[in-house]
Amino acid sequence: MISVTLDGTIVQADDGSCLKDILPNHNPTLSIAIIRPGVVSEEATRQYRIITTSGEFVIEIPDVRVTLPDPGDPTFNTSIHWSDRYAAAFGPFPADFQPARAPSRYARGDVLIGCGGYDKKRSYLIISRQEHQADHGSETGGGIIGRVIAGRGVIDRLVIGDQITKIERMISWADSTHTVTTTDLSLPLEDGMEIITHINIHVDGYSDSSIDTGIARSAEHLLFSLKSGIFYAERTTSTHCMDAHLGPLDVPQEQKRPRREGAVTIRTKGKQSGAIYLYREDVATSPYHTVVGQVTHGIELVRLIQQGTACAVITEPVGIDLRGMHLKDAIAAAMERGIEVHADTEEVSEDRVVIHQDPETTLEVLSEKQVRLTTMKNEDVIDISLDERNASRTVDIFRRFTGLKLYSVGMLPFFFTFDDVWLFEPEIPERINIIPENTPTGTVPAQALGMTNASRRGAGLIGVRISENAEFGPTGEPFEGTNIIGRVIDVEKLKKFKEGEIIYIREVKE
């Protein structure tokens with residue numbers, strides 16, 4: 001038999017087994033981190049993984065003379081003895097130091113040794129949750145032995161009753177010959193191999209006991225960007241890996257903090273605005289980044305993933321976006337999360353579609369434990385499909401300025417109709433360059449959805465024709481002035497709307 005560690009759990013496999021035998025449902029396009037057994041220089045490694053019943057976090061202890069209590073030592077009570085908003089303390093256990101009997105200032109993530117009643121025989125391993133000043137019965141200087149460098153979301157969740165189940169020194173990353181990433185599921189397993197299949201990200205401010213909505217909009221952007229469960233490492237450097245697959249998006253600056261190893265940030269200014277960053281090592285605070293979360297599992301994968309590849313990612317919490325759902329399904333989804341629903345109608349059926357929710361962000365919904373839904377009849381929502389393969393740039397512009405980039409339901413102002421043409425005029429700034437793309441040839445089919453490109457004065461105008469045409473595009477422009485971006489599925493519904501009304505649209509995949 002072969003014994004391997006799979007995402008922190010020891011798994012037994014038959015001799016000759018490979019990755020696919022223990023990962024039958026893994027997406028073969030996503031990278032997995034592999035740490036092969038080998039000689040590791042522990043003397044060069046001052047990082048420790050603390051595994052608790054609420055998750056794991058990583059601390060770094062610079063002083064080689066400092067040792068952590070052993071969870072297997074009967075004199076070490078591994079349970080949390082006390083916990084408040086500022087800190088959590090594991091213990092007691094006996095230690096050897098002289099309490100200073102004076103308060104000290106602590107930063108979020110500081111790890112220290114203190115004691116109760118100035119009795120060093122009743123010492124505690126204390127984790128600082130936020131900046132504060134206190135007398136923890138520590139020695140002169142505050143008794144700080146290290147700091148949390150990954151998994152800060154876990155320390156926010158620690159409560160009385162949680163226990164440390166394991167403390168292990170992390171491997172030396174200087175020895176890279178034993179660490180790789182792979183998508184090859186036929187890779188043979190080796191006894192003692194460690195396998196990391198995904199990254200866990202915990203959103204700052206979220207816990208089961210309380211929710212801080214101070215970064216609600218940034219958190220929503222993170223949850224939206226990663227809702228597919230995939231992190232695309234489009235760029236990697238020695239300090240970070242970055243996912244910008246959605247393109248530039250406006251995100252507010254909500255929280256500036258030092259970017260520690262394992263931190264998750266969103267860039268708020270520049271060409272990469274909206275990009276998600278995962279940090280491989282500490283870097284300074286930036287005025288152009290909001291710290292939005294922490295990696296609580298899979299820091300090895302963050303360190304090893306290669307540029308141009310992707311890996312699985314799980315966020316906590318899962319986003320709550322009910323827009324585009326039938327009301328009946330939206331109510332069921334909300335109730336499953338313990339959310340009370342207030343709809344604008346008592347007609348709970350599949351004939352009503354949710355077009356708006358209040359609050360709009362996941363953290364606010366979870367904080368209030370309720371959501372107010374605005375709906376409309378299914379017959380008044382227009383379904384469309386978009387041709388992203390042939391008109392990716394124009395489709396992206398369309399999604400951005402109709403709302404479909406962020407939500408399942410978008411809006412189009414109905415501008416004008418003539419003959420078999422319906423025209424819509426979204427507010428697309430003149431600075432947006434709509435280059436010619438996927439211009440038609442031959443005949444434009446019935447129900448084709450088009451956008452006037454920058455070669456014509458009416459750039460940005462959206463149109464659809466009910467019938468095919470061999471001379472003009474869906475916006476009434478010649479073929480060279482029209483980008484075909486998809487088609488309107490429910491074209492017959494358009495006839496009921498009047499000029500000046502807002503049309504609600506929903507994208508469906510065909």
Side-chain angles (χ1 to χ4, degrees), residues 27 29-31 33 149-153 181 196-206 214-321 360-363 396 399-400 405-407:
N27 183 338
T29 67
L30 302 182
S31 294
I149 61 173
R152 295 192 179 192
T181 56
I196 300 94
T197 64
H198 65 275
I199 297 167
N200 276 89
I201 295 176
H202 186 88
V203 172
D204 277 4
Y206 172 76
I215 59 165
R217 292 175 63 191
S218 297
E220 195 66 21
H221 177 80
L222 176 76
L223 298 177
F224 169 76
S225 298
L226 301 179
K227 69 177 181 179
S228 66
I230 299 175
F231 179 86
Y232 298 92
E234 297 179 57
R235 186 180 78 194
T236 61
T237 71
S238 61
T239 62
H240 68 265
C241 47
M242 181 196 74
D243 181 340
H245 77 276
L246 291 179
L249 286 169
D250 293 332
V251 184
Q253 178 69 55
E254 291 183 311
Q255 179 171 248
K256 289 190 293 183
R257 277 212 325 259
R259 294 169 289 173
R260 306 295 190 188
E261 181 184 37
V264 181
T265 74
I266 300 171
R267 187 166 178 87
T268 57
K269 289 186 179 180
K271 292 182 179 179
Q272 300 296 347
S273 177
I276 309 298
Y277 289 69
L278 309 183
Y279 285 88
R280 294 171 161 175
E281 62 179 50
D282 295 358
V283 297
T285 302
S286 169
Y288 305 133
H289 282 259
T290 282
V291 178
V292 71
Q294 297 288 325
V295 173
T296 56
H297 170 80
I299 190 65
E300 300 91 343
L301 190 49
V302 172
R303 288 170 171 153
L304 293 170
I305 192 168
Q306 301 295 309
Q307 184 163 304
T309 64
C311 66
V313 63
I314 298 172
T315 60
E316 186 181 7
V318 175
I320 299 177
D321 183 6
E360 295 189 14
T361 70
T362 299
L363 290 187
D396 185 68
R399 286 179 176 146
R400 286 174 184 272
K405 183 75 173 180
L406 301 177
Y407 308 117

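The structure presented is a predicted model; accordingly, all values stated were derived computationally and were not measured. What's counted below: heavy atoms across the whole structure, side chains too, no hydrogens, waters or symmetry copies.
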Step by step, work out the side-chain hydrogen bond (donor to acceptor under 3.5 Å, both in side chains) result for T290 and E254.
CA-CA 6 Å; T290 282; E254 291 183 311; 5.6 Å; no

If I take atom CD1 from residue I276 and atom CZ from residue R267, how far apart are they, to the nearest 0.5 angstrom?
13.0 Å

Nearest atoms (heavy-atom pairs only) where L222 meets I201
CD2-CG2, 4.0 Å

Q307 (side chain) donor-acceptor with T236 (main chain) under 3.5 angstrom:
yes

So for atom CZ, which belongs to R235, do other residues, nucleotides or ligands contribute more than 12 heavy atoms lying within a distance under 6.0 Å?
yes

Residue pair S31 / Q306, side-chain heavy-atom distance below 4.5 Å:
no

Is the backbone N or O of A33 less than 3.5 Å from a side-chain atom of T181, with the two atoms forming a donor-acceptor pair by type?
no

With under 30° as parallel and over 60° as perpendicular, where do the rings of H198 and H297 fit, or are they tilted in between?
tilted

Test side-chain hydrogen bond (donor to acceptor under 3.5 Å, both in side chains) applied to E316 and H202, step by step
CA-CA 5 Å; E316 186 181 7; H202 186 88; 3.2 Å; yes

Over all heavy atoms of both residues, which pair between S273 and V251 is shortest? Give the atoms and the distance, please.
OG-N, 4.3 Å

Which distance, rounded to the nearest 0.5 Å, do you find between the CG of L30 and the OG1 of T309?
9.5 Å

Where does the angle between the aromatic ring planes of Y277 and H240 fall among parallel (under 30°), tilted (30 to 60°) and perpendicular (over 60°)?
tilted

For the backbone of V292 and the side chain of Q255, can you confirm whether one donor and one acceptor N or O come within less than 3.5 Å of each other?
no

R280 and T239: CA distance, side-chain angles, deciding distance, side chain to side chain contact (heavy atoms under 4.5 Å, CB included) verdict:
CA-CA 5 Å; R280 294 171 161 175; T239 62; 5.7 Å; no

Atom pair CG (L304) and CD1 (I196), whose distance is rounded to the nearest 0.5 Å
7.5 Å

Donor-acceptor pair, E220 side chain versus T362 backbone, under 3.5 Å?
yes

Gap between atom CG of D204 and atom OG of S218 - 0.5 Å precision:
10.5 Å

